[in-house]
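Notes for the one structure printed next.
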Amino acid sequence: MTKRPTADPSCGLPAWAGQDDLTTYGENTWCPGCGNFAILNAAKAAVRSLEGDGIGRDRIVMAAGIGQHAKIFDYLGLSGVYSLHGRAIAVAQGMKLANPDLSVIVFVGDGDTMGEGLAHLLFAAKRNADVTVVMHDNGVYALTTGQRSPLSPEGYKGPSTPHGNTEQPLNPLVLTLEAGATFVARGYSGDIAGLTGLIADGVRHKGFSFIDVLQPCVTFNNRYAEYNELAKPMDGGPLSFDDALALARVQETLPTGILYRAERGSAEELLTRGRNPVRDSGCRSDRLAAVRLLLDG
Amino acid sequence: MTKRPTADPSCGLPAWAGQDDLTTYGENTWCPGCGNFAILNAAKAAVRSLEGDGIGRDRIVMAAGIGQHAKIFDYLGLSGVYSLHGRAIAVAQGMKLANPDLSVIVFVGDGDTMGEGLAHLLFAAKRNADVTVVMHDNGVYALTTGQRSPLSPEGYKGPSTPHGNTEQPLNPLVLTLEAGATFVARGYSGDIAGLTGLIADGVRHKGFSFIDVLQPCVTFNNRYAEYNELAKPMDGGPLSFDDALALARVQETLPTGILYRAERGSAEELLTRGRNPVRDSGCRSDRLAAVRLLLDG
Amino acid sequence: MSRDVFTYLVGGKAGEGVKKAGSVSANLFAEMGRFAFQYDDYQSLVRGGHNFSVVTTATRDVGSHYGKADLIVALDALSYGKHRGSLAPGGVLVCDPESVPGADAARNSADGSAPDDGPGTVVTVPIRAEAKKYPLPGLRVGVAGAATLCAVTGLTADALEELIRAEYPRDLENNVAYGRAIYAAVLAATDVRFPLERGDRARPLLAGNECIALGAVAAGLDVYAAYPMTPSSSLLHYLAKHDDELGVTVMHPESEIAVANIAVGAASMGARAMVGSSGGGFALMEEALSFAGMAEIPLLCMLSARSGPSTGVPTYTEQADLRFALNQGHGEFSRVVASPGSFAEAYRVTAELMDIAWRFQTVGIVLTEKHLSECSATVDIDVEGAAWPEPSLALTGAYRRYAVTEDVVSPMLFPPSGELVKWSSYEHDEYGVTTEDGETITLMHDKRNRKLATIEEHVKNLSTVVWHGDPDAPLIFTYGSTTMSVLEAVRAGGLNAAVVQPVYLEPFPTWELEGLKGTRPVVVEQSSTGQFETLLREKAGIEALASVRRYDGRPFEPLELARELEEVLS
Amino acid sequence: MSRDVFTYLVGGKAGEGVKKAGSVSANLFAEMGRFAFQYDDYQSLVRGGHNFSVVTTATRDVGSHYGKADLIVALDALSYGKHRGSLAPGGVLVCDPESVPGADAARNSADGSAPDDGPGTVVTVPIRAEAKKYPLPGLRVGVAGAATLCAVTGLTADALEELIRAEYPRDLENNVAYGRAIYAAVLAATDVRFPLERGDRARPLLAGNECIALGAVAAGLDVYAAYPMTPSSSLLHYLAKHDDELGVTVMHPESEIAVANIAVGAASMGARAMVGSSGGGFALMEEALSFAGMAEIPLLCMLSARSGPSTGVPTYTEQADLRFALNQGHGEFSRVVASPGSFAEAYRVTAELMDIAWRFQTVGIVLTEKHLSECSATVDIDVEGAAWPEPSLALTGAYRRYAVTEDVVSPMLFPPSGELVKWSSYEHDEYGVTTEDGETITLMHDKRNRKLATIEEHVKNLSTVVWHGDPDAPLIFTYGSTTMSVLEAVRAGGLNAAVVQPVYLEPFPTWELEGLKGTRPVVVEQSSTGQFETLLREKAGIEALASVRRYDGRPFEPLELARELEEVLS
Ligand SMILES: Cc1ncc(C[n+]2csc(CCOP(=O)(O)OP(=O)(O)O)c2C)c(N)n1
Ligand SMILES: Cc1ncc(C[n+]2csc(CCOP(=O)(O)OP(=O)(O)O)c2C)c(N)n1
Ligand code: SF4
Ligand code: SF4
Ligand SMILES: [Mg+2]
Ligand SMILES: [Mg+2]
């Protein structure tokens with residue numbers, strides 16, 4: 001249950017702050033040991049790193065889906081929108097479109113965005129929307145108590161598939177690459193430093209960034225042991241498209257890092273052709289003049 | 001405007017029949033020269049070919065989305081469901097699940113199924129739903145007067161993108177392959193015989209079949225000249241996954257035929273574990289006995 | 001023969017420029033300072049079939065096309081067959097002898113009536129044979145409409161040429177030659193003339209969706225997102241075409257779900273966002289409406305109904321989405337629904353709802369129908385009369401997005417701002433942080449519910465119910481685009497009736513209707529179950545004396561409606 | 001001390017087996033032939049936080065848990081703090097000294113009341129210290145609940161062992177040893193005993209969603225499709241778990257949109273299909289509901305409401321989706337909505353709606369709330385009383401899917417059949433072929449609308465409004481799961497009141513309520529805007545004398561509600 005803020009503003013922290021100036025007072029309800037803690041910490045570190053580059057935290061906003069992953073919205077001291085299950089990437093695109101000066105980080109779940117919201121993910125990649133998607137990939141619908149997600153392996157037993165999952169999993173890295181993402185990375189919650197770098201780089205990248213973060217769910221899908229062994233930083237930087245795709249298919253090891261990066265005009269710059277809808281919004285007399293123009297034209 | 005049936009049953013045709021026993025009286029409203037006519041003819045020929053194999057037309061049902069493509073529902077003398085824009089593949093999966101003895105052909109548009117309904121397509125591929133998707137790929141939203149579709153090239157000018165499409169197109173063959181489709185083919189409405197074979201083979205294939213049919217829209221996207229040159233039957237049969245993927249990426253030629261075929265348990269057989277929900281539906285006393293069992297258990 | 005109301009009908013195949021022929025004539029009338037109303041009847045197909053366009057004009061305001069036409073141009077046999085019966089007494093039908101073999105001059109009797117086929121004169125003119133002298137004959141036949149119209153209404157051949165220059169610039173010289181030939185042929189074929197007086201002043205000719213677009217722009221529209229769906233698509237097309245001039249960013253994404261969530265996201269960062277669709281697409285936006293309601297994100301929507309349910313009859317009209325529009329989304333949140341009864345009102349109401357959406361951080365729905373969305377008319381728009389949103393904005397300070405204030409609404413603030421601004425679909429505390437605490441849940445429900453009364457107070461200052469005509473006359477209730485038909489019927493039939501038209505439907509303006517409790521009006525609507533009638537009974541205690549309904553997808557015809565009304569009113 | 005109604009509360013962290021501890025006790029009571037009602041209060045999290053389970057039992061039917069508990073087991077400090085105030089006079093609270101340092105025996109005064117903290121006795125028992133003697137102590141503490149309950153209610157240690165064998169078989173021997181130790185410690189710590197009489201006979205203990213599942217199965221459910229969403233998920237889980245036994249195929253696809261369209265597709269081929277969700281997921285199904293309405297495809301839906309709007313408070317209850325449920329989907333089509341007021345009614349109503357959906361080829365919605373979906377109780381289900389669908393099926397012959405018949409509904413036929421069977425979302429003719437013809441559009445609207453009256457006639461034969469108690473007493477109106485709370489309040493408070501509960505909400509059973517027009521009942525509901533009250537006023541002309549509403553996500557507490565009712569009734 002959430003307590004109202006108690007922080008004393010005189011101590012220098014804002015009224016909503018919890019343990020630090022990037023953490024709210026929102027009571028953390030993740031299970032002890034959950035990989036989500038590391039993602040939260042990496043996100044905070046990434047924000048600080050971006051501030052070092054001159055991207056102030058006021059200009060960094062976030063959107064979240066619905067799921068355990070999304071609770072990060074309540075904890076992280078960034079502005080933004082706690083949206084709907086599966087819709088965070090659509091909402092984030094709207095945020096970016098409204099004010100392209102903002103950097104938008106989208107925290108999504110694997111159920112959230114590979115299931116309910118798959119089309120938004122792939123279309124954001126296709127049009128190269130300039131948002132950074134951090135997918136908390138725990139291979140399960142955790143918040144709703146462990147049903148299989150689109151990334152769960154065949155045979156996975158959850159409450160909706162007590163006889164075992166009959167479907168084969170989707171490959172998120174492959175699909176985002178194929179859909180046109182210009183920044184595709186794999187992170188691991190067990191490597192906060194690496195993840196911090198990925199998130200910051202994703203934000204720095206102009207265009208659609210997708211980071212598949214291996215996130216063990218200690219309660220429903222505890223894969224720490226496996227990930228600790230397989231998820232090691234990859235050698236070298238981004239690969240060619242073909243090599244990235246080949247690496248994305250490998251399941252025997254799970255190298256982390258930026259698999260692929262490319263340059264292409266972003267959705268918003270192509271669509272707005274340089275305008276900033278919020279900043280350049282016309283005043284009343286501009287608007288009425290435009291109306292009159294069309295009426296007379 | 002549709003006329004009520006006039007066919008005289010004494011001539012041997014059913015009351016609803018139009019020019020032949022696989023065509024209804026529904027008035028055809030496609031533009032003269034439209035590629036959809038050829039798809040209709042290929043579908044009829046495929047049904048006749050399947051009948052030759054002992055798959056009676058009563059067991060072949062269809063679903064259609066909404067768009068110009070979907071008008072085939074009104075013309076083709078098969079039972080089925082004229083569904084919603086983007087939802088035909090979901091509806092078709094329900095039809096197949098209800099009665100796995102049926103063969104289900106799904107006629108969809110490129111806007112319909114690569115836009116509004118993308119997730120259904122990719123999930124049907126993922127779970128290997130045993131339905132055959134015939135995608136009328138005209139690269140445009142024809143019925144709604146020519147807006148760009150997810151397959152339209154960058155720069156395409158339509159009424160919703162008068163300054164030119166700012167997005168790059170999706171590749172339907174690549175995405176269905178990557179999602180797990182076990183039968184992926186390209187057809188061309190200019191080659192009715194080839195298309196007939198693909199549809200019949202798709203139906204024969206146990207598992208998810210996807211046929212991307214190049215279909216010139218003479219009104220909004222007339223690509224006959226280009227297709228007549230580039231869309232030639234490929235040499236040889238299905239390829240390895242990697243080769244199929246490589247071929248699917250090529251844009252300089254558009255070889256038609258079965259790019260890829262593989263065997264894998266189908267969604268319905270894995271889910272129903274051999275039951276046929278409609279045929280094996282329990283009678284009232286069975287059901288009440290089951291209820292009592294659980295109440296007492 | 002000069003007539004008070006003159007109606008022109010042109011029919012042909014889809015793809016032959018029928019709609020264009022209609023709008024050319026409507027523009028011509030508008031430039032003559034006359035009023036005009038254009039209705040396009042078209043099928044859900046792209047080539048072939050049967051389309052027609054009807055334009056009615058007068059020197060006074062005209063709210064509908066008429067069923068009987070004074071001049072009919074039938075470009076093909078189907079049009080001849082369908083519309084021969086629609087020729088007004090004394091009218092003239094011009095058709096092509098090739099398309100209509102039987103319809104030759106022999107049919108005409110001396111007094112200009114063709115006894116076999118009903119009233120009026122039928123003449124043939126070589127529309128297609130003449131066109132075949134030039135390339136692309138199929139694309140040219142629309143010019144025949146303009147030529148015929150000019151000939152019959154007594155305009156000069158030079159006036160026709162000017163018109164063609166303005167309206168058919170592609171392959172101009174051939175068009176002019178063709179038009180002059182048809183003009184001469186018509187003059188030779190018939191003596192029937194309808195000289196049209198000039199009216200008071202030229203007015204712009206606009207479609208309903210264009211009025212909605214301009215209303216939104218007048219109220220500061222920044223972002224419009226939509227997925228094509230008849231009859232809402234023309235709003236998307238219009239804004240996309242004029243985005244630079246209007247200062248609007250337009251996006252057509254992958255689905256209506258994306259549309260709604262993109263708009264919500266855009267609004268959360270301060271952009272005045274709007275979405276539009278028809279029933280099926282709107283149904284997909286419901287979850288996002290409830291989201292906007294909970295998060296208190298301003299969102300303006302346009303819902304243009306077509307004949308339903310489901311895919312229905314996409315290019316035809318109906319008013320069957322009323323209860324759907326009023327009850328969208330799960331849970332309890334404020335929303336405002338208004339339905340314009342005229343083109344000018346479409347402009348005004350859209351701007352008002354943008355204002356309301358932003359002022360109260362709520363969902364606004366412009367409910368309209370194909371009939372208003374896609375018809376065009378000469379309009380007198382009160383450009384300056386548009387509302388301008390005055391949202392409550394925070395002066396920086398310790399910001400709480402959902403601060404519980406005396407003013408009911410919590411001030412807004414948009415990044416970058418130096419403050420933490422958290423919008424949430426979860427139940428939340430004042431900072432927007434999720435809560436499961438019972439007291440806070442109650443507090444926040446109450447906070448949101450207080451807006452209902454505040455919105456009602458605000459709406460009371462607006463024109464929520466429009467009275468047309470003598471308030472002491474027998475009452476007719478109607479709403480939305482049907483208002484135009486009813487008003488025209490009353491005018492055409494010279495009926496003694498007052499027309500009462502609720503513009504706002506949520507909050508329902510009971511305060512305006514209190515005096516009418518117990519009255520027994522006639523209720524006119526395009527719904528098969530009488531949703532508006534039910535609403536009147538349930539909200540305002542007004543029981544219908546008689547119901548006049550039409551739900552075959554076609555709008556009411558004013559003279560027929562007048563007869564029906566006369567019957568039930570007497 | 002023997003009590004009419006005995007309430008047991010156990011509280012701890014999520015993941016400690018709190019809910020299980022509640023259901024173990026409820027099962028124990030059920031096996032004693034008693035009635036039991038279990039309420040689980042949990043947060044939207046998986047580990048930690050604060051969960052509690054309350055079970056109230058009696059030898060007569062009991063429709064709610066109670067707020068004051070006779071026995072409380074507090075597994076952690078939070079539970080102690082939250083529930084210390086909920087101890088009934090004479091009750092006992094058992095807690096762990098480690099978790100609750102201050103709560104030691106010293107707090108107890110001689111008469112068993114702790115003057116500092118309110119009534120009742122607080123005793124400490126080494127729940128955690130004892131558990132630490134075994135592996136996985138955190139998973140074991142739930143057993144302490146069972147041990148305490150047995151000790152305090154005077155059951156023997158052997159009875160406890162039997163219970164543990166049945167309910168905690170994993171690592172059984174350690175559980176037994178642990179349980180016996182706690183049992184002994186409780187006996188030593190307190191003298192308070194609540195001997196519980198045996199009741200008349202053992203009844204099954206079922207959750208509301210289980211009753212709905214069984215009702216659907218009784219009426220022939222073939223295919224269930226759903227996407228997880230609290231509080232509907234347990235219906236999915238239950239059917240998935242028992243699919244073989246029940247003969248049901250269960251599918252969890254990619255989204256609710258897929259769910260609804262898969263179900264429509266399945267029904268079109270003859271499978272009795274059902275879908276379930278909560279508000280947000282249901283909102284996504286709207287387009288498909290309108291589709292089912294147009295295509296006349298039978299579709300049964302379960303909508304279980306939670307605290308809204310939008311994502312809201314997922315694990316808490318509310319009745320705010322009423323108007324949403326009644327008005328789903330664009331356009332005009334028939335639908336039937338009913339809301340069960342008890343567990344047994346959930347079974348009956350679900351089967352009835354399956355029958356109605358198939359008989360009339362329409363949409364049926366079982367509207368319920370988290371409170372019914374997720375509470376459990378001993379139920380007397382009339383298994384044989386379930387309706388069985390009797391759809392109108394075509395004898396082969398020249399088949400027309402949408403034949404306009406005297407019987408109103410067009411017979412169904414499923415492939416393979418030798419006939420052409422075309423279902424369509426477009427407006428269609430009798431064969432299902434698309435039409436844009438005005439006459440056919442009207443005909444088909446009329447055809448579908450005729451079902452409204454036919455459905456109403458059918459529903460009139462069902463138990464649409466349930467009267468509880470003396471009809472001459474003052475009236476209380478309520479519906480849905482709130483009925484259980486109201487009935488318990490009336491019982492607990494000994495109120496002189498009749499409770500009137502409309503089960504069917506669409507068609508609204510005005511015929512049953514005609515005699516009540518003008519009465520001024522009290523209206524009780526869990527909605528902040530009074531949707532049910534509005535419905536009563538608008539549909540039945542019944543104006544509330546007073547409204548009792550709760551919308552903090554928690555169900556009503558019977559004694560508090562009784563007091564509130566007493567106040568407004570007098
Ligand atoms: C439309 C809709 N459907 C279903 C839900 C219920 N729901 C909430 S979270 C969730 C799954 C979460 O899985 P994932 O996205 O993987 O997040 P995780 O909890 O694993 O972090 C679901 C199905 C919802 N809130 N909205
Ligand atoms: C939910 C919904 N949104 C939009 C529409 C409107 N609509 C009908 S067809 C169509 C596009 C059709 O494009 P495509 O699927 O490519 O078919 P085509 O006409 O090109 O064959 C659209 C957007 C609709 N019927 N339903
Ligand atoms: S359930 Fe899994 S994902 Fe959720 S908080 Fe616990 S460990 Fe993390
Ligand atoms: S518009 Fe295009 S797709 Fe539609 S019928 Fe005409 S040619 Fe075919
Ligand atoms: Mg997950
Ligand atoms: Mg297309």
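Chain letters run A, B, ... following the sequence lines, proteins first and then strands; every chain starts at 1. This is a predicted model, so every value here is computed, not measured.
- A distance-only check finds no donor-acceptor pair linking the side chain of Asp112(A) to the backbone of His85(A) [under 3.5 Å].
- With Trp388(C) as the aromatic partner, Arg272(C) meets the cation-pi criteria of under 6.0 angstrom to the ring centre and within 45 degrees of the ring axis.
- For chain A, the nearby part of Val223(C) is the side chain; its heavy atoms alone come within less than 4.5 Å.
- Comparing Met269(C), His428(C), Met294(C) by heavy-atom pairs within less than 4.5 Å of chain A, the highest count is held by Met269(C).
- For Arg127(A), the part lying under 4.5 angstrom from a heavy atom of chain C is the side chain only.
- Between the CG atom in Asp222(C) and the OG1 atom in Thr272(A) there is a gap of 12.5 Å [rounded to 0.5 Å].
- Heavy atoms of Tyr75(A) lying under 4.5 Å from chain C are absent altogether.
- There is no contact between Ala295(C) and chain A, counting heavy-atom distances below 4.5 Å.
- With rounding to the nearest 0.5 angstrom, the CD atom of Gln93(A) is 7.5 Å from the CD1 atom of Ile89(A).
- With a 4.5 angstrom heavy-atom cutoff, Leu288(A) touches chain C via backbone and side-chain atoms both.
- Of the atoms belonging to Val379(C), not a single heavy atom falls under 4.5 Å from chain A.
- For the atom pair Arg57(A) CZ and Leu420(C) CG, the distance stands at 10.0 Å (nearest 0.5 Å).
- Ile212(C) CD1 to Arg348(C) CZ: the interatomic distance, rounded to the nearest 0.5 Å, is 13.0 Å.
- Taking Gly215(C), Ala202(C), Ala271(C) one by one and counting their heavy-atom pairs under 4.5 Å with chain A, the maximum is reached by Ala271(C).
- Both the backbone and the side chain of Ser83(A) come within less than 4.5 Å of a heavy atom in chain C.
- For Val81(A), the parts lying under 4.5 angstrom from a heavy atom of chain C are both the backbone and the side chain.
- Interface summary for chain A: among Gly247(C), Gly265(C), Ala267(C), Ala219(C), the most heavy-atom pairs under 4.5 angstrom belong to Gly265(C).
- The cationic group of Lys422(C) does not satisfy the cation-pi geometry with Tyr431(C), failing either the under 6.0 Å distance to the six-membered ring centre or the 45° limit from the ring axis.
- In this structure, the portions of Ile257(C) lying under 4.5 Å from any heavy atom of chain A include both its backbone and its side chain.
- Both the backbone and the side chain of Pro253(C) come within contact range of chain A, with heavy atoms under 4.5 Å apart.
- Heavy-atom distances place the side chain of Arg275(A), and not its backbone, under 4.5 Å from chain C.
- With a threshold of 4.5 angstrom between heavy atoms, Ala263(C) does not approach chain A through any atom at all.
- If you tally non-hydrogen atom pairs under 4.5 Å between each of Arg292(A), His120(A), Lys96(A) and chain C, the highest count goes to His120(A).
- Interface remark: Leu206(C) contributes side-chain atoms only to the contact with chain A (heavy atom separation under 4.5 Å).
- Residue-environment remark: NZ (Lys206(A)) exceeds the threshold of 12 foreign heavy atoms within 6.0 Å.
- Cation-pi geometry between Arg87(A) and Phe291(C) is not met at under 6.0 angstrom from the ring centre and within 45 degrees of the axis.
- Of the two parts of Glu287(C), the backbone and the side chain both hold a non-hydrogen atom closer than 4.5 Å to a non-hydrogen atom of chain A.
- The structure places CG of Leu205(C) at 8.0 Å from CD of Glu210(C), a figure rounded to the nearest 0.5 Å.
- Only the side chain of Leu102(A) comes within contact range of chain C, judged by heavy atoms closer than 4.5 Å.
- With contacts defined as side-chain heavy-atom distances shorter than 4.5 Å, the pair Phe282(C)/Glu256(C) does not qualify.
- Using a 4.5 Å cut-off between heavy atoms, Tyr347(C) touches chain A through its side chain atoms alone.
- Using the six-membered ring where Trp is involved, Phe414(C) and Trp423(C) have ring planes that are parallel, under 30° apart on the 30 and 60° scheme.
- If you tally non-hydrogen atom pairs under 4.5 Å between each of Gly432(C), Ser255(C), Gly220(C) and chain A, the highest count goes to Gly220(C).
- One distance of note links CG of Asn99(A) with OG of Ser281(A); it measures 11.5 Å at 0.5 Å rounding.
- In terms of heavy-atom pairs under 4.5 Å with chain C, the best-connected choice from Ala98(A), Ala92(A), Ala88(A) is Ala98(A).
- Residue Leu78(A) touches chain C through its backbone alone, counting heavy-atom pairs closer than 4.5 Å.
- Counting heavy-atom pairs closer than 4.5 Å to chain C, the top residue among Ile66(A), Val104(A), Asp296(A), Leu84(A) is Leu84(A).
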Report task. Check the pair Asp429(C) / Thr435(C) against side-chain hydrogen bond (donor to acceptor under 3.5 Å, both in side chains), numbers first and verdict last. Result -> CA-CA 6 Å; Asp429(C) 66 11; Thr435(C) 189; over 6 Å; no

